[in-house]
Structure formats: structure tokens, C-alpha cells
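To start, the structure under review is shown below, and the notes come after it.
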Amino acid sequence: MRKAFACVLAVLAAAAVACTMPPPGGGTPEPTTPAGDDTIGINQLQYLGTHNSYKIQPDLGFVALLGVGAGLFPSITTAGLDPAQLNYGHRPLTQQLDSGLRTFELDIWADPTGSRFAAPLAAQLLGQPYPGGVDQPGMKVLHIQEIDYLSTCPTLVACLGQLKAWSDAHPAHLPMILNIELKQDPLPAPFDVTPIQPFDPAQLDAVDAEIRSVLGDRLITPDDVRGSAPDLRTAVTTVGWPSVANSRGKFLFFIDNSGPVRDDYLAGHPNLAGRAMFTSSGFGQPDAAVLKVNDPGDGTYIRSLVEQGYLVRTRADADVVSPSTAGRDTALASGGQVVHSDFPKGEPQFGSGYTVAFPTRVQARCNPVNTTPATCQPAAAVEPAP
């Protein structure tokens, strides 16, 4: 009995030590109580997340068949359908959230009448699974119509509903940042089967309406950031962004598009007044607040934007087959606040082990590029322990 009791004491002692041990590799224990987040803006953190966050990896047989098709129809690869570059996928959004990710990308397609994407060509001809939950009108979430269409949440409302449910259970989470790409490009013949609905002003209003229908007053909107400043550009480069403390439990959206789509989104909404989302291509324009620079280059340009007060989205990798650790490291060092990857924590590239991750529970940290008004401390980037 005495020996058994000693063993129990030893186990309890080991457990107590484990609770205060530094993380692997040494260092001090990670804080679990936020502190100092009321003195820094959301632009003073750097957040990791996923590119095409909803995407389900196609099975290997389908990838092989697509490779044969690419040989017969070279236009496939020039239309972004290189089979090798489609061979990846992600866990459901809630699992990504559980792993610490707080920023995501959703590709959405307008479907005002419903069932537009219910019978993709690949499903009809190759015996691939048909998508479910796409019969009703509303925005659909998928990568490439006809070919790469399987999604962990096939509608925008469903995706946002998953994020909201997780947020309800974790109300003190860091702000979630959503990159929305409005897709409307047809495929080349003979794959241009499904008629595509452009994102005209009515459909842009519909996107805003769907976002508000799920998230309501949890949004960080252009109106919130602009405040009394004459425009967004002035606001973020002089006054700054909302504090991390005031942004916990909230969501910030921006559209990935430029050109006519951005123009239509701004039409009737100067300075994005009344809009649910930010733009990301307003370089030098009054709506400049979030800016997309997918290729980090040598990091210098992104750093200059971050130092001015802009929120910048970039990518750590754009090549699924041969992602570059140098490119990843440059993206992280650039200070771009939103860094998306196809290989986040828990999803390393098969074979090489390449991944993009921070050694912390929540995949966010103080921005490596110093900004004002105050110095960021690590505790500002944490969330309360679950």
C-alpha cells in the first residue's frame, strides 16, 4: 500500500511540474491570460491561416484523370487547373479553429436561383461525389466549378454558421479575419458547362446581407474603422485600428477582387459607408485600409505598408508541389498581418514536412514589424485557456 501511495504522489508531482514546465525547446511558459491587448491595434498582431480554407482534397484517382485531361486539353492548366496544384485540402473550419488558426479564405459564387452547382461535370462523367446542400438560392463556396468543387461547407451561410458557433463557445477569441474571393470566371471549352452569374451590384448587396444575417453586430466594418476621419486611408494611417481587446469575438471581412467588382462594391457607398466588407486593392485610394500583396517579394514593400498602418494580406506559399521555406520566412518577417498557407499547423506537406506555424496554442503573435501606438507584448496575442 505504501509503495502504491508513493507512486500516486510521484504521478501527481510529475503532473504539477508539467503544468509549469516551459514549452518544448525551452523558454518561459506561454501565458494564458490576455494582457496589454487594450493598448495595441489589431494591425499589431500577425495571424496565420489557410488559403482556400474550405477545400476538400480530391482523391488520387481523380487527380490522375485530370492529369490525362490536361494532356488532351492544355487550356486546363492555363485556366488554373494544373492537377498537381489542386492536390491539397483542409480540415473543417472548426478543427482549424481548434488548432489555433484565426484567418481564412472563402471563394464564393453567386447562385440566386439555387442548384447552379448541384451537378458538376466531373461528377457526371467520372463518377465523382455530388456536392450536397447546394439546392437553395444563395452564395456557394467552392474552388473551381465542374472540377474542384467539394467543400467542407458548401454555402457561405453554412461556413459563417460554423465560425459563429465556435465563436459563441469561445467569446474571447482574437478577431477572425476572412478573405472573400468573389469568383465569376468561366472555364475554357469544353468545360464551360455551368452558366456563371456575375457579381453585379445586386449580388454584391446579397453577399453583405448574408454576412450580416449570420454575424450581425459582431462585424468590424469600414464604418467602425473610419470613425470621424475623412476616409479609411486617413483613419488607418493616423488614428489606427481598433484595439485587440475591443475586437475579441468579432469578425473582419475583405474582398479579394479588384477592377469592376471593387468599383461596383464602392458605387453608392463612398469610403465603403454601410458596407460589411473592406476592399483589398485600393492602393493610393480613399478606401485603402486592407491591402492584398500575395507575393511577399523580398518583404520590403509589405514592410513599408505595415509601417504606414495598413493591414496587409500575403501568402507564405503559392506552390503546392514545391513550397519555399525562404518564401515562407520572408512573408513572416515582412510584417504582413494576414499570412495564408496551404500547409498550416497540423497539415504539413506530405513528404517534405513543410509547414507554416507558430510554436504557440493560438496561431498569432506580436507583429515582427514595430508599429504604434504601443509596444506589443506576447500576452496580448493569447486567448484564455479553454
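- Counted within 6.0 Å of CG on Asp168, heavy atoms from surrounding residues, nucleotides or ligands total more than 12; the atom is thus considered enclosed.
- At a threshold of 4.0 Å, the pair Arg102-Glu383 counts as salt-bridged, since one of the basic side-chain nitrogens sits closer than that to a carboxylate oxygen.
- Lys55 and Asp148 are joined by a salt bridge, as a carboxylate oxygen and a charged side-chain nitrogen come within less than 4.0 angstrom of each other.
- For the pair Asp208 and Met277, the minimum side-chain heavy-atom distance is below 4.5 Å.
- Put simply, the side chain of Gln46 reaches to within 4.5 Å of the side chain of Leu332, judged on heavy atoms.
- For Lys292 and Phe254, the positive end is not near the middle of the six-membered ring at less than 6.0 Å and at most 45° from its axis.
- Phe117 has its side chain out of reach of Pro154: every pair of non-hydrogen atoms, C-beta onward, lies at least 4.5 Å apart.
- Checked against Asp287 for a salt bridge (charged side-chain N to carboxylate O under 4.0 Å, His left out), the options Arg233, Arg262, Arg275 give a single hit: Arg262.
- Val141 places none of its side-chain heavy atoms less than 4.5 Å from the side chain of Thr155.
- Note: the hydrophobic cluster containing Val134 does not contain Leu150 (ILVMFWY, side chain heavy atoms under 4.5 Å, direct or indirect links).
- Side-chain atoms of Glu146 come within 3.5 Å of backbone atoms of Leu121 as a donor-acceptor pair (strictly under, hydrogens ignored).
- A tilted orientation is assigned to the rings of Trp166 and His173, their planes being inclined by 30° to 60°.
- Applying the 6.0 Å contact sphere to CD of Gln136 captures no more than 12 heavy atoms from other residues, nucleotides or ligands.
- Side-chain contact between Leu101 and Tyr47: absent, with no pair of heavy atoms (C-beta onward) separated by less than 4.5 Å.
- Between His51 and His143, the two ring planes are perpendicular [angle over 60°; tilted spans 30° to 60°].
- Phe191 and Leu125 fall within the same hydrophobic cluster, defined by Ile, Leu, Val, Met, Phe, Trp and Tyr side-chain heavy atoms under 4.5 Å apart, directly or through other members.
- Cluster annotation: Tyr54 and Tyr130 are assigned to distinct hydrophobic clusters (Ile/Leu/Val/Met/Phe/Trp/Tyr, side-chain heavy-atom contacts under 4.5 Å, transitive).
- Under the 3.5 Å distance criterion, the side-chain polar atoms of Trp109 are left unmatched by any main-chain donor or acceptor of Arg116.
- Among all heavy-atom pairs drawn from Ser341 and Asp317, the shortest one is OG-OD2, 2.7 Å.
- Checked for salt-bridge contact, Arg212 and Asp217 miss the test: no charged N lies under 4.0 Å from a carboxylate O.
- The backbone N or O of Gly41 lies less than 3.5 Å from a partner atom in the side chain of Gln44, making a donor-acceptor pair.
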